[in-house]
Protein chains: 4
Amino acid sequence: MQPFSERQEQIMNASIELIAELSIQGLTIKNIAHKIKLTEGAIYRHFACKNDILLAILQTFKEVSQQTLVESCASEVIAFEQIKGIFRRNIQYFNEKPAITAVIFSEGIFQNDAHLSKEVFKILEMHEKALNCIIERGQINHEIRADIKEKEITRVIIGSIRYTVKKWRLSGFDFDLKTEIELILVSLKKMLVPK
Amino acid sequence: MQPFSERQEQIMNASIELIAELSIQGLTIKNIAHKIKLTEGAIYRHFACKNDILLAILQTFKEVSQQTLVESCASEVIAFEQIKGIFRRNIQYFNEKPAITAVIFSEGIFQNDAHLSKEVFKILEMHEKALNCIIERGQINHEIRADIKEKEITRVIIGSIRYTVKKWRLSGFDFDLKTEIELILVSLKKMLVPK
Amino acid sequence: MQPFSERQEQIMNASIELIAELSIQGLTIKNIAHKIKLTEGAIYRHFACKNDILLAILQTFKEVSQQTLVESCASEVIAFEQIKGIFRRNIQYFNEKPAITAVIFSEGIFQNDAHLSKEVFKILEMHEKALNCIIERGQINHEIRADIKEKEITRVIIGSIRYTVKKWRLSGFDFDLKTEIELILVSLKKMLVPK
Amino acid sequence: MQPFSERQEQIMNASIELIAELSIQGLTIKNIAHKIKLTEGAIYRHFACKNDILLAILQTFKEVSQQTLVESCASEVIAFEQIKGIFRRNIQYFNEKPAITAVIFSEGIFQNDAHLSKEVFKILEMHEKALNCIIERGQINHEIRADIKEKEITRVIIGSIRYTVKKWRLSGFDFDLKTEIELILVSLKKMLVPK
DNA sequence: AATGAATGAGTTTTCATTCAT
DNA sequence: CATGAATGAAAACTCATTCAT
C-alpha cells in the first residue's frame with residue numbers, strides 16, 4: 001500500500017538477493033548494509049526491524065500478483081489463454097528479479113514467524129483461488145476438460161509451473177525460463193483442453 | 001553408507017522435527033540437545049559438526065529414495081503403475097516421518113553450504129532421471145501418450161505431487177496425504193494414459 | 001602500517017598485560033573485555049578476530065624495532081656504541097611497557113598459528129641482521145675483535161641481553177633492568193672490544 | 001622420583017611433541033589421546049589431571065639436569081671443560097628429544113599455574129647456580145678471566161647457548177645443533193679463558 | 001586398563017538492535 | 001540521514017574431567 005522510498009527498495013532488493021545467494025540464514029543486517037554500502041545502524045532509519053523488510057517484500061509481491069490476476073481475469077479470452085497470461089506476466093517479473101523466486105518458492109523459510117508465514121500462505125491461496133475460478137468457468141464453457149475436478153487441474157498446473165521455476169533457480173538461472181514455461185504450457189494445453 | 005548409531009538417529013530425527021517446527025533457523029545445537037535431553041557438548045560426540053547432521057539426514061533420504069526407485073523399476077507392471085508405486089512408497093515414508101518433508105522440499109535452506117546444496121540437487125536429479133526413464137519406456141510401449149515429450153511429462157508429474165505434499169505440510173498435515181495423492185494420480189492418468 | 005585507533009591501542013595494551021599476567025592462555029576475549037570494561041561483542045568492532053589483535057601487537061613492535069635500528073645505525077659513533085644505543089632504546093621501551101616482554105620473548109606461544117609465528121621469526125631475523133652488519137663493520141675498523149666470526153658475536157650479544165630481560169620478567173620486574181643491561185654491556189665490551 | 005610406567009612415558013612424550021608442534025594451546029587431552037591412539041578417558045588412568053602430565057615432564061627434565069650437573073662437576077678437569085661437558089650432555093639430550101626444547105625454553109607458558117611456574121624457575125636456578133659455582137672456582141684457579149663478575153659470565157654463557165637452541169627450534173631443527181654449540185663454546189672460550 | 005558417552009563451564013564469534021553524535 | 005560504537009543474548013564448538021561398563 002504505502003509507496004516505498006528509494007532506500008527502502010534498495011534494502012528490499014539487497015535482501016532478496018541475499019536470500020537467493022545465501023538462503024535465509026544469510027539475510028543479516030550486516031550483510032544487507034554491506035551490500036548497499038551503508039552502516040548497520042542506517043538500515044534502522046528505513047525499517048523498524050528485520051522482519052519488516054521481509055514483510056515489505058512479501059507485500060510488494062502480493063500486490064504485483066494481485067494486479068496480474070485482476071488484469072488477466074479481466075481480459076476476454078478463453079480460459080486457458082487467461083491462465084497463460086497470468087504465468088507469462090509472472091515469468092516476466094521473475095526474469096526481471098530472478099532472486100525473488102528464492103523468497104516466493106521457499107515458503108518454509110518463514111515458519112519461525114507466524115505473521116510472515118500467514119502472509120505467504122495468503123499469497124498462495126490467492127493464486128490458487130484465481131486459477132480455480134478460471135478453470136471452473138473454462139469447464140462450464142467446455143474450454144477445459146470437465147472429467148477432472150478443477151481443484152486437481154489447478155494443482156497440476158501450479159505444480160508444473162512452480163517445479164519448472166524452482167529448477168530454474170537451482171540451476172542458477174542458466175536456462176531460458178520463458179521458453180521452458182511456454183513448452184510446459186503447450187503440454188498442459190494438450191492434456192487439459194479438449195480438441 | 002555408514003550405519004548410524006541409535007543416538008545419531010535420535011539426533012537426526014530431532015533435527016528433522018526442529019526444521020519442521022521452527023524452520024532451519026530453529027535448528028540449533030541447543031534445541032537439538034534440549035529435545036533429546038542431552039547437553040550441547042554431548043551432541044559433538046556423535047556428529048563432528050552441525051552440517052554433518054544435515055548431511056546424514058540427506059544421505060539417509062537419498063538411500064531410501066534409491067531403494068524405492070530400484071525396487072519400483074524392478075516390478076514388471078506397466079509404466080504408470082510403476083510411477084504410482086514410486087510415489088506410494090514415498091508417501092508412506094512421509095506419513096511415517098512427516099517432518100522430513102520440510103527438509104526435502106525446502107531445497108533453498110541449504111543454499112549457504114555448497115556441499116549440502118549439491119547433495120540436494122543430486123537427489124532431485126536422481127528422481128527425475130528415474131521417472132524420465134520409466135516414461136520413455138512407457139511411451140515406446142504405447143502405455144503413455146507420446147505426443148508430449150517425456151521431460152515435460154516428468155515435470156508435470158513431479159510438480160503436481162510435490163505441490164500436493166508441500167500444501168500438506170503447510171496445512172500442518174491436516175488432510176490425508178495418501179487420499180489426495182491417489183486422486184492426483186488418477187487425474188494424471190486420465191491426462192497421460194491413452195485409452 | 002595502519003594507524004591504530006585509541007580503542008584498538010587500548011585492546012592491544014590490555015592483551016599484552018593479560019599475556020604477561022596469565023600467559024597466552026589467559027588471553028581470552030572475555031578477559032580483554034573485562035579489563036577495558038566493554039562487552040565481548042564490542043571487541044569485534046575493533047578487530048576482526050583474536051589473532052588480529054596479536055598480529056597488531058607484533059606489527060607495532062616490529063615498527064618500533066625497525067625505527068630503533070634505523071636511527072641507531074645512522075648515528076656516527078663506533079660500532080659498540082651503536083650496539084649499546086640499540087639495546088638502550090629497546091630497554092627504554094620495555095621499561096615503559098614491561099608486559100610486552102612476555103609477548104616478544106615467548107616466541108613459542110604463536111606456534112599454533114603459521115602467520116603469527118612467521119611474523120615473530122621475521123622480527124628476530126631483522127634484529128640479527130642489523131647487529132651482524134654493525135659488528136662486521138666494527139671488525140673491519142678494528143673496533144671489535146676479529147678472531148671470532150661476526151655471527152658468533154651477534155649470538156653472544158643477543159643471547160646475553162635476551163636472557164637478562166627474560167630473568168627480569170620472570171622475577172616480576174623486581175630489579176632495575178637498565179642497570180643490569182649496562183653491566184652486561186660493560187662485560188660484553190671487555191670481551192669483544194680490543195684495547 | 002617415582003619411575004614412570006611405559007604408558008605414562010608415552011603420554012609425556014606425546015605431550016612434549018604437541019607443545020612443540022602446536023604450542024601449549026595445542027596440549028589438550030583430546031590431542032594427546034589421539035596421538036597415542038587411546039581414548040580421552042584412558043589418559044586419566046595414568047595421570048590424575050592434565051597438570052600432572054606437565055609436572056611429570058618438568059620433574060623428569062629436572063632429574064636429568066641434576067644428574068648432568070652432578071656428574072660434570074665431579075669430573076676433575078679445568079672449569080671451562082666442565083662447562084663444555086654440561087652443555088654437551090644437554091645438547092645430546094635435546095638431539096634425542098628435540099621437542100623438549102619447546103617446553104624448557106618457553107618458561108612463560110606455565111605462568112597461569114603457580115606450581116608449574118615455580119618448578120620451571122627452580123630448574124633455571126639450579127643451572128645458574130651450578131654454572132656460577134664452576135666459574136667462581138675457575139676464576140680463583142685463574143682458568144677463567146676474573147675481571148668480569150661470575151654472575152655476568154654465567155649470564156653470557158647461558159644466554160648464548162639458550163639463544164642458539166631457541167633458534168634451532170624455531171628453524172624447525174634444520175641445522176646441526178652440536179656443531180653450532182661447539183662453535184659457540186670455542187668463541188666463548190676465546191672471550192673468557194685467559195691465554 | 002580402556003572405552004565411549006556425558007557434563008558443565010568455557011571458548012570465539014555473530015546477531016539484531018540501540019543510541020549518542 | 002548516516003555513522004560508529006556499544007550491548008546482550010545466542011550461536012557453534014571445545015575442553016578437562018567423570019563414570020558406568
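The model shown is predicted, which means the values in this text are computed figures rather than measured ones. The chains referred to below are lettered A, B, ... by the order of the sequence lines, with proteins before strands, and numbering in each begins at 1.
- The residue D/Leu38 sits close only to the backbone: its heavy atoms come under 4.0 Å of sugar-phosphate atoms, none of a base.
- Side chain of B/Gln8 to main chain of B/Ser5: a donor-acceptor pair is present (N/O by atom type, distance under 3.5 Å, no hydrogens or angles).
- When rounded to the nearest whole Å, the span between CD of C/Gln8 and C1' of F/dA5 equals 12 Å.
- Proximity note for D/Arg7 (side chain, C-beta onward) versus E/dA2, F/dT7, E/dA16: the nearest is E/dA2.
- Between B/Glu21 and B/Lys35, at least one side-chain N (NZ, or NE/NH1/NH2) sits under 4.0 Å from a carboxylate O, which counts as a salt bridge.
- Each of F/dT7, F/dA16, E/dT7 was ranked by its minimum atom distance to the side chain of C/Thr39; first place goes to F/dT7.
- Under the 4.0 Å criterion applied to side-chain N and carboxylate O atoms, D/Glu40 and B/Arg45 are assigned as salt-bridge partners.
- Nucleotide E/dG8 forms a Watson-Crick or G-U wobble pair with F/dC15, both donor-acceptor distances falling under 3.5 Å.
- B/Asn112 places its CG atom 14 Å from the C1' atom of F/dA12, with the value rounded to the nearest Å.
- Distance CG (D/Leu22) to P (F/dC15): 11 Å, rounded to an integer number of Å.
- Comparing C/Ala48 and C/Lys30 by the nucleotide of DNA chain E that holds the closest heavy atom to each, the one mapping nearer the 5' end is C/Lys30.
- Shown here, F/dT21 forms a base pair with E/dA2; the pair counts as Watson-Crick or G-U wobble because both key distances fall under 3.5 Å.
- Taking 4.5 Å as the limit, every side-chain heavy atom of B/Leu18 sits out of range of all side-chain heavy atoms of B/Ile24.
- Nearest nucleotide to the side chain of A/Ile29, out of E/dT17, F/dT17, F/dC13: E/dT17.
- A straight line from CD1 of B/Ile32 to C1' of F/dA10 spans 15 Å, rounded to a whole angstrom.
- We find that CD of A/Gln10 is positioned 13 Å from C1' of F/dA2, with the value rounded to whole Å.
- Between D/Phe94 and D/Phe105, the gap from one ring centroid to the other is short of 6.0 Å.
- Distance CZ (B/Phe47) to C1' (F/dT14): 19 Å, rounded to an integer number of Å.
- The phosphate of F/dA12 has OP1 or OP2 within less than 4.0 Å of a side-chain N or O from B/Lys50.
- The residue A/Leu27 sits close only to the backbone: its heavy atoms come under 4.0 Å of sugar-phosphate atoms, none of a base.
- At whole-Å resolution of the value, OH in D/Tyr44 and C1' in E/dA5 are 15 Å apart.
- Ranking F/dC13, E/dA2, F/dC15 by closeness to the D/His46 side chain, first place goes to E/dA2.
- Of the two residues near DNA chain F, C/Ala42 and B/Arg45, the one whose nearest nucleotide lies more 5' is C/Ala42.
- Atoms CD1 (D/Ile24) and C1' (E/dT11) sit 17 Å apart, rounded to a whole Å.
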